[in-house]
There are 4 protein chains.
Amino acid sequence: MIKVGIVGGTGYTGVELLRLLAMHPAVELTAITSRKEDGLPVADMYPSLRGRVNLTFSSPDKAKLTECDVVFFATPHGVAMAQAQELLAAGVKVIDLAADFRMKDVAQFEKWYGIPHTCPDVLTEAVYGLPELNRDAIKTARVIGNPGCYPTTMQLGFYPLLKAGIVDATDLIADCKSGVSGAGRKAEIGILFSEASDTFKAYGVSGHRHTPETIEQLQRMTAQKVGLLFTPHLVPMIRGMHSTLYARLNTDISNDELQALFENAYKDEPFVDVMPFGSHPETRSTRASNMLRLALHRPNNGKTVIVLVVQDNLVKGASGQAVQCMNLMFGLDEVAGLQHIPVLP
Amino acid sequence: MIKVGIVGGTGYTGVELLRLLAMHPAVELTAITSRKEDGLPVADMYPSLRGRVNLTFSSPDKAKLTECDVVFFATPHGVAMAQAQELLAAGVKVIDLAADFRMKDVAQFEKWYGIPHTCPDVLTEAVYGLPELNRDAIKTARVIGNPGCYPTTMQLGFYPLLKAGIVDATDLIADCKSGVSGAGRKAEIGILFSEASDTFKAYGVSGHRHTPETIEQLQRMTAQKVGLLFTPHLVPMIRGMHSTLYARLNTDISNDELQALFENAYKDEPFVDVMPFGSHPETRSTRASNMLRLALHRPNNGKTVIVLVVQDNLVKGASGQAVQCMNLMFGLDEVAGLQHIPVLP
Amino acid sequence: MIKVGIVGGTGYTGVELLRLLAMHPAVELTAITSRKEDGLPVADMYPSLRGRVNLTFSSPDKAKLTECDVVFFATPHGVAMAQAQELLAAGVKVIDLAADFRMKDVAQFEKWYGIPHTCPDVLTEAVYGLPELNRDAIKTARVIGNPGCYPTTMQLGFYPLLKAGIVDATDLIADCKSGVSGAGRKAEIGILFSEASDTFKAYGVSGHRHTPETIEQLQRMTAQKVGLLFTPHLVPMIRGMHSTLYARLNTDISNDELQALFENAYKDEPFVDVMPFGSHPETRSTRASNMLRLALHRPNNGKTVIVLVVQDNLVKGASGQAVQCMNLMFGLDEVAGLQHIPVLP
Amino acid sequence: MIKVGIVGGTGYTGVELLRLLAMHPAVELTAITSRKEDGLPVADMYPSLRGRVNLTFSSPDKAKLTECDVVFFATPHGVAMAQAQELLAAGVKVIDLAADFRMKDVAQFEKWYGIPHTCPDVLTEAVYGLPELNRDAIKTARVIGNPGCYPTTMQLGFYPLLKAGIVDATDLIADCKSGVSGAGRKAEIGILFSEASDTFKAYGVSGHRHTPETIEQLQRMTAQKVGLLFTPHLVPMIRGMHSTLYARLNTDISNDELQALFENAYKDEPFVDVMPFGSHPETRSTRASNMLRLALHRPNNGKTVIVLVVQDNLVKGASGQAVQCMNLMFGLDEVAGLQHIPVLP
């Protein structure tokens with residue numbers, strides 16, 4: 001059994017990790033930290049875990065994280081980089097669900113996150129945790145920067161097109177929509193029920209930190225200059241993410257060839273479902289599961305390809321992807337503990 | 001592996017059965033019928049099942065239901081009683097999620113459901129499928145009448161009080177609230193999104209067919225005359241049921257004794273969680289799981305006990321309970337395939 | 001034109017006052033205070049008011065409240081009582097939407113609200129602002145304690161029964177359900193979208209401060225000892241309140257007589273709609289309007305009368321009722337500015 | 001008083017017309033037809049109208065529509081064109097909220113709506129009812145084709161850019177999101193609460209009939225060839241529409257100049273609100289009102305302008321716009337009956 005610790009388990013990615021790991025066949029939940037909730041049984045905060053998770057939150061200094069095999073950071077940006085070196089030195093692997101180890105470009109990180117990067121050495125060795133595009137590196141990694149939720153959909157949606165070199169890489173548009181849980185479990189007016197339900201809006205349109213993360217990865221993986229316009233929106237639903245991706249074809253290609261391109265790219269992937277051409281995937285078809293589904297459209301057989309991508313932002317977009325990385329890092333079956341069928345309706 | 005057939009799998013209890021059974025370790029999904037959807041792959045109707053359920057709907061005459069070990073009826077009232085005898089004769093067990101085999105009182109059935117009961121012989125041998133209160137009979141049953149969603153909460157909430165004889169059994173009030181999926185997957189104006197969201201209402205206040213079912217069972221189990229006022233309401237949420245139960249104490253009893261009464265009654269039950277006295281259970285703490293949670297209140301230490309009961313109406317209130325019955329009928333571990341942790345948030 | 005000031009206009013009752021008063025034919029919005037938002041144009045916080053409300057929040061010391069004819073307090077409990085005397089001395093009338101002037105029983109107030117009452121003199125002259133049951137007193141009042149949202153439904157629902165003396169006044173049950181806006185516009189985890197949507201729960205079941213307010217008023221108005229069990233619940237909708245009221249008849253009475261009792265009680269009321277016997281009012285039928293609707297049920301013609309009551313908690317349950325009081329206090333048409341038709345769907 | 005008739009008042013645009021017209025100072029609601037609901041009081045179907053609308057549905061043959069001054073068609077496509085000539089002959093003006101009189105190109109109409117156009121003569125004289133871009137023609141029109149909800153946002157959002165000739169008119173993208181009421185009040189599975197809440201999806205991506213309508217109008221108004229990619233999505237909210245519009249600049253222009261372009265274009269418009277550059281309008285800021293709000297963005301000061309547009313799809317996107325047209329046609333103040341402040345929260 002793999003001994004797992006969680007730092008900062010009071011947020012949504014934290015409780016989702018707990019849900020997934022408590023059902024994982026090869027995991028022993030060993031420690032969970034929260035400075036604020038020290039001494040509180042986890043199940044008192046999350047009654048959904050009553051009888052299933054017997055851990056108690058403990059303050060970081062008391063938690064025996066160095067006795068774990070792996071520690072997940074479900075914390076705000078900046079926490080993992082402060083603790084990673086000590087854990088690595090003790091032989092503990094680290095998976096950060098925040099942004100500390102996602103971007104290799106420190107200047108970009110510091111610009112977008114507004115904090116200095118205090119741990120560039122670890123960043124250098126850190127591996128970007130998107131298994132479909134980075135599986136081998138993940139298998140041997142000691143520290144993982146788990147991708148952002150939006151970037152997961154944008155990368156898996158654009159990748160086959162860019163890799164094939166059939167679209168204008170400098171002119172990509174991603175019009176993305178996220179459920180409210182993506183904003184986290186924070187006491188903020190803007191995400192109150194009475195503010196965020198029965199309404200719809202865009203946010204961060206003039207600039208969002210998931211843009212440089214996505215560009216960096218797409219450029220690294222496809223070796224071309226990428227230009228991306230990313231427009232996030234807030235949807236009155238708890239979980240779910242829908243990205244509507246637009247790319248301009250720069251070559252003649254049939255729709256069948258387009259479809260084949262995607263089917264081949266993901267034919268062995270357990271968590272990527274290429275739906276029939278012209279489908280309209282719904283976010284609920286992935287709810288509470290690690291599946292990402294996508295479908296292609298090409299209105300009027302024109303020059304623009306539209307890729308519709310859906311996932312559960314808390315699972316494939318966060319905690320499920322982190323568990324998928326863990327499985328790879330420890331030589332487990334990649335799908336272990338992640339085969340829950342989506343909850344519909 | 002138990003060979004399972006489902007009659008009428010296009011509704012919400014049907015798709016929920018598919019979700020649970022496809023993840024069940026001892027089940028082989030063998031046949032699913034729908035006259036209307038004959039030939040349609042199940043996963044085309046429910047993309048959440050893509051890659052996980054490979055069955056195709058077939059018309060009832062073509063489905064080889066008699067080759068199954070057990071057949072679930074996720075159909076409108078009246079369907080199971082038309083087919084049960086043939087299946088039983090072929091050695092197939094039957095679990096009806098509709099009302100055909102719930103009430104022993106045929107006259108009451110015919111009054112409330114508006115159809116004649118065509119199968120009184122099978123009704124006589126049918127067992128009411130509420131494991132917590134009827135476990136032994138279920139183990140040896142050939143045919144199960146699976147309880148209604150509301151009655152499950154009312155029975156498990158009132159039972160310990162009635163059994164102990166400490167409340168006025170003739171003066172019970174159940175003010176109950178259900179998510180919209182309880183109304184089924186039917187093309188009806190009243191349950192459209194634009195009709196049922198951002199609003200709240202009662203319905204069927206002057207009389208609802210779950211009242212006689214609940215009274216019949218409570219009387220049978222506690223051997224006393226029961227009077228029950230049941231007021232159902234529709235909540236703008238997909239899944240979930242919350243019952244607020246009021247009973248008048250007819251004896252002196254401390255709150256500790258009340259709490260102990262419930263804890264003892266359900267101490268060995270894997271799917272009933274007696275929360276600490278004074279708790280406020282949320283429906284989401286049971287979402288997509290087979291758990292039912294309850295908590296006691298006694299305002300001003302007065303004569304009225306309030307029992308708050310929550311469950312997922314599609315799981316413990318329908319399909320999960322049916323699988324729990326199946327497990328008992330086939331000598332499996334009662335919790336097999338039912339240990340999913342609730343999805344929160 | 002009546003010059004109106006609002007203290008504390010950043011919450012939901014505040015913005016609802018602004019919406020109603022900006023469309024009121026006899027009102028001139030003169031001042032609005034918020035210590036925190038001093039200098040911010042109101043329409044910057046609430047874009048719905050762009051072009052319609054040109055006021056700017058100012059700190060309380062700078063606002064010229066004493067130049068107003070009436071000041072509404074849309075503030076937390078305790079604010080109005082600190083400022084009322086100065087305003088009254090300046091000839092300004094006061095309408096408090098919080099609890100400072102609702103309950104005559106100071107000890108009860110201090111017990112339930114946890115603060116000392118610093119202004120008992122004003123409390124003595126204050127009038128409870130429920131026009132249907134207290135119209136004459138409101139007309140001549142200088143200071144109004146505007147009723148709580150739940151108490152409005154409970155009082156208007158129970159009153160005709162208690163006044164007629166046909167129910168057991170010591171054994172009333174009110175099972176009430178409120179939209180989330182009733183909890184206010186506060187940065188609290190429990191009312192986040194991801195916490196409060198797609199779920200349902202009770203709260204405050206062991207005791208809630210709207211109970212003593214309701215009891216005090218019902219006793220005062222009907223001159224009998226009242227016993228009330230009040231169980232509030234939170235509904236995943238923004239606005240709306242639904243109260244399901246249970247009372248035991250102590251006399252023979254026909255359903256027609258019951259219905260006539262309510263129709264007579266409210267026949268001249270512009271904002272109380274007695275629906276046909278057996279109706280199921282929906283909260284949305286009152287959305288964004290000052291209407292309260294109710295309907296009677298009597299299951300099995302038994303001893304229990306059920307009254308279903310709906311209103312918009314922010315209008316008839318708060319700001320609309322306050323405007324209705326203002327109209328009466330200033331000799332205006334009682335319905336002035338309050339005749340908006342409910343928004344449905 | 002203008003005598004108004006409504007054909008087909010049982011849907012959402014119908015009930016919204018009733019709400020607006022019943023509060024309109026210059027309108028007398030005279031007749032409302034529904035073959036199916038003949039004899040039913042309107043307020044029995046819509047309790048929100050109790051006490052405010054005393055009309056009864058009557059079958060089309062019995063309704064005295066020819067005695068009206070104007071008749072609104074809130075009907076499925078194809079109804080207005082069958083009745084328009086008779087009404088016009090009787091001197092009655094016609095406003096069709098469906099598509100019969102929107103598109104001048106009959107071939108396009110027949111292709112997208114799948115029915116022959118039986119009334120090309122009336123179509124020739126019909127005026128497209130978008131007041132901001134077509135005011136003078138509306139004033140003298142006898143018959144109006146009221147715009148679709150999506151086209152209203154796309155036209156008002158793109159128009160200033162196209163008119164100024166500063167973007168590539170052949171390469172427009174409109175990623176649009178609509179509340180569920182836009183799908184109408186029809187008994188269809190796909191818009192049930194349990195299907196459409198807590199989820200998000202695109203639909204009609206490969207082709208939607210609002211595309212040719214929008215292109216026809218933009219070409220007519222700006223005299224250039226327009227290419228438009230329109231991607232509609234369904235949002236789990238009742239009302240509201242958010243369009244995210246992308247256009248490529250073909251010239252050097254500062255952000256201040258862009259902003260001025262829009263402010264000048266709409267400076268006299270009572271129902272178009274150009275918000276400060278970089279704002280994120282929310283749909284709820286227009287809820288239940290006739291306002292449309294928009295804001296400009298230009299990420300990285302690049303070549304792409306993003307216009308965010310919000311409106312209430314049932315008001316400015318349908319019934320409110322129709323009333324605005326009526327006001328113009330009858331020489332009333334354009335804002336008469338349309339000055340309701342949006343309902344927020």
Side-chain angles (χ1 to χ4, degrees), chain B residues 9-16 19 34 36-37 40 44-48 50 149 177-203 233-241 283-284 287-288 312-315 317-319 343-345, chain D residues 9-16 19 34 36-37 40 44-48 50 149 177-203 233-241 283-284 287-288 312-315 317-319 343-345:
Chain B
T10 63
Y12 293 139
T13 55
V15 66
E16 188 67 356
R19 184 177 75 91
S34 166
K36 192 177 157 202
E37 306 295 350
L40 184 76
D44 282 10
M45 173 170 279
Y46 291 115
S48 55
R50 283 174 59 89
C149 47
K177 300 88 175 175
S178 174
V180 183
S181 65
R185 189 171 176 274
K186 292 170 293 191
E188 288 181 359
I189 294 285
I191 50 175
L192 292 181
F193 180 89
S194 300
E195 301 288 311
S197 68
D198 209 40
T199 191
F200 187 89
K201 68 169 181 178
Y203 66 97
H233 302 76
L234 196 66
V235 183
M237 61 183 176
I238 299 176
R239 292 161 176 253
M241 177 163 286
T283 61
R284 64 176 185 153
R287 188 190 288 139
D312 185 319
N313 58 300
L314 293 181
V315 193
S319 304
V343 175
L344 180 158
Chain D
T10 64
Y12 292 139
T13 54
V15 65
E16 189 67 357
R19 183 177 76 90
S34 166
K36 192 177 157 203
E37 306 295 350
L40 184 77
D44 282 9
M45 172 170 280
Y46 291 115
S48 55
R50 283 172 59 87
C149 46
K177 301 88 176 174
S178 174
V180 184
S181 66
R185 189 170 175 275
K186 292 171 294 191
E188 288 181 0
I189 293 286
I191 51 175
L192 291 181
F193 180 90
S194 301
E195 300 290 310
S197 67
D198 210 41
T199 190
F200 188 89
K201 67 169 181 179
Y203 66 97
H233 302 75
L234 196 64
V235 183
M237 61 183 176
I238 299 177
R239 291 163 177 251
M241 175 164 285
T283 61
R284 65 176 185 150
R287 188 189 289 140
D312 184 320
N313 58 302
L314 293 182
V315 192
S319 304
V343 176
L344 180 159

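Below, read A as the first sequence line, B as the second, and so on, with proteins coming before strands; counting in each chain starts at 1.
- Looking at residues two or more places apart in sequence or on another chain, you find a side chain to side chain contact (heavy atoms under 4.5 Å, CB included) between D:A202 and A:H242, A:H280, A:L308, D:V205, D:H233.
- Here D:S194 is the residue among D:G179, D:S194, D:S181 with the most heavy-atom pairs under 4.5 Å with chain B.
- In this structure the side chain of B:S197 reaches within 4.5 angstrom of the side chain of D:I238, judged on heavy atoms.
- Judged as a side chain to side chain contact (heavy atoms under 4.5 Å, CB included), and not counting sequence neighbours, the contacts of B:S48 are A:P342, A:L344, B:Y46.
- The line from CD1 of D:I189 to CG of B:L192 is 9.5 Å long, rounded to the nearest 0.5 Å.
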